[in-house]
Amino acid sequence: MRILGIDPGSGATGFGVVDRLGDRLVHVAHGTLRPARSASLAARLHRLHRDLCAVIAQHAPDVAAVEQVFVANSPRAALVLGQARGAILAALASAELGITEYAASHVKRAVTGSGRADKRQVQLMVSRLLALDSPPAHDASDALAAAICHAHAGRLAALAGGRSARPRPTRGARLVVRRVP
């Protein structure tokens with residue numbers, strides 16, 4: 001299963017792609033999408049949507065794991081971040097990907113063992129789990145962590161014989177978004 005992890009942001013959106021091959025996780029790609037700050041909001045949202053669609057086309061993920069965002073510095077920043085999330089979700093939905101959203105603490109706990117881990121701890125564990133030569137940038141590291149979290153959730157469901165308290169994402173004509181606390 002190929003999983004696309006997303007760490008949404010209005011200035012920088014991280015993405016990470018991993019393959020779950022049985023018990024193994026294999027790093028495929030990661031990066032950061034950064035629309036020009038000097039562009040209008042509409043142009044930045046369009047660029048974010050277009051660039052994420054290109055990532056999806058290039059790597060052909062089966063599902064997407066998106067980190068939930070709950071912090072913003074100001075009401076305006078919260079609104080812009082919400083619009084960026086909308087562009088991201090629209091790109092994922094246009095590719096008919098199953099989407100699961102995870103709370104940041106859930107992602108951190110799945111990767112580091114602690115829901116209060118800092119960004120550096122997440123970077124180091126992502127590097128170790130995926131055998132990377134160097135830690136990725138924070139946004140890309142958080143996105144890879146979301147993908148790893150989803151891979152672990154899928155593995156646990158498989159070990160339970162496919163019976164999970166949380167329904168698994170589906171691929172198809174309808175958008176399925178799940179939130180995991």
Side-chain angles (χ1 to χ4, degrees), residues 1-35 44-70 81-108 110-111 122 126 129-130 136-137 139-160 162-181:
M1 172 190 299
R2 181 158 286 183
I3 305 162
L4 171 62
I6 301 290
D7 177 36
S10 57
T13 291
F15 71 88
V17 183
V18 298
D19 283 339
R20 188 183 83 197
L21 306 171
D23 289 345
R24 290 182 343 152
L25 290 177
V26 178
H27 173 263
V28 176
H30 68 271
T32 305
L33 307 176
R34 292 185 190 275
R44 291 194 324 255
L45 294 173
H46 172 70
R47 173 81 186 262
L48 182 58
H49 183 275
R50 186 190 70 202
D51 290 353
L52 186 54
C53 285
V55 167
I56 293 166
Q58 181 178 2
H59 297 292
D62 298 306
V63 295
V66 180
E67 186 174 308
Q68 291 175 346
V69 180
F70 61 94
L81 182 55
Q83 291 168 325
R85 270 181 56 77
I88 291 164
L89 292 174
L92 297 172
S94 69
E96 298 183 352
L97 294 177
I99 303 165
T100 303
E101 294 185 67
Y102 293 95
S105 61
H106 189 86
V107 171
K108 290 175 184 180
V111 174
V122 172
V126 164
L129 290 169
L130 297 176
D139 298 306
S141 179
D142 288 350
L144 285 166
I148 292 167
C149 175
H150 189 76
H152 289 327
R155 184 175 180 282
L156 291 174
L159 289 174
R163 295 177 313 275
S164 174
R166 179 177 55 252
R168 297 186 341 202
T170 59
R171 185 178 183 117
R174 65 183 217 271
L175 171 64
V176 178
V177 177
R178 295 183 175 84
R179 288 192 164 84
V180 178

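Starting from 1, each residue takes its place in the sequence as its number. Since the structure is predicted, the reported quantities are computational estimates derived from the model, not experimental observations.
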Which residues satisfy the side-chain contact (heavy atoms from CB on, under 4.5 Å) test with Leu130, sequence neighbours excluded? Val18, Leu25, His27, Val126, Leu132, Leu144, Ile148
Just to verify, what does Arg47 make a side-chain contact (heavy atoms from CB on, under 4.5 Å) with, not counting sequence neighbours? Pro35, Arg50, Asp51
Write down the atom of Phe15, the atom of Thr32, and the distance for their closest heavy-atom approach. CE2-N, 3.9 Å
Answer yes or no: is there a donor N or O on one side and an acceptor on the other, between the side chain of Ser141 and the main chain of Ala137, under 3.5 Å? no
Could you measure the distance from the CZ atom of Arg85 to the CD1 atom of Ile6? Nearest 0.5 Å is fine. 11.0 Å
For Gln83, enumerate each residue passing the side-chain contact (heavy atoms from CB on, under 4.5 Å) test, keeping only those at least two apart in sequence or located in another chain. Leu41, Leu45, Val80
Decide side-chain contact (heavy atoms from CB on, under 4.5 Å) for Cys149 and His106; before the verdict, give the C-alpha distance in whole Å, the side-chain angles of both, and the deciding distance to 0.1 Å. CA-CA 8 Å; Cys149 175; His106 189 86; 3.3 Å; yes
Just verifying a value: how many Å separate Ile88 CD1 and Cys53 SG, rounded to the nearest 0.5 Å? 11.0 Å
State, yes or no, whether a side-chain contact exists between Pro61 and Ile3 at a heavy-atom distance under 4.5 Å. no
Asp139: partners by side-chain hydrogen bond (donor to acceptor under 3.5 Å, both in side chains), with sequence neighbours left out: none
Test item: Val107 and Asp142 side chains (from C-beta on) under 4.5 Å apart, heavy atoms: no
So which atom in Val66 and which in Leu92 form the shortest heavy-atom distance, rounded to 0.1 Å? CG2-CD1, 3.6 Å
Which pairs with one or both residues in residues 3-19 pass salt bridge (charged side-chain N to carboxylate O under 4.0 Å, His left out), sequence neighbours excluded? Arg2-Asp19
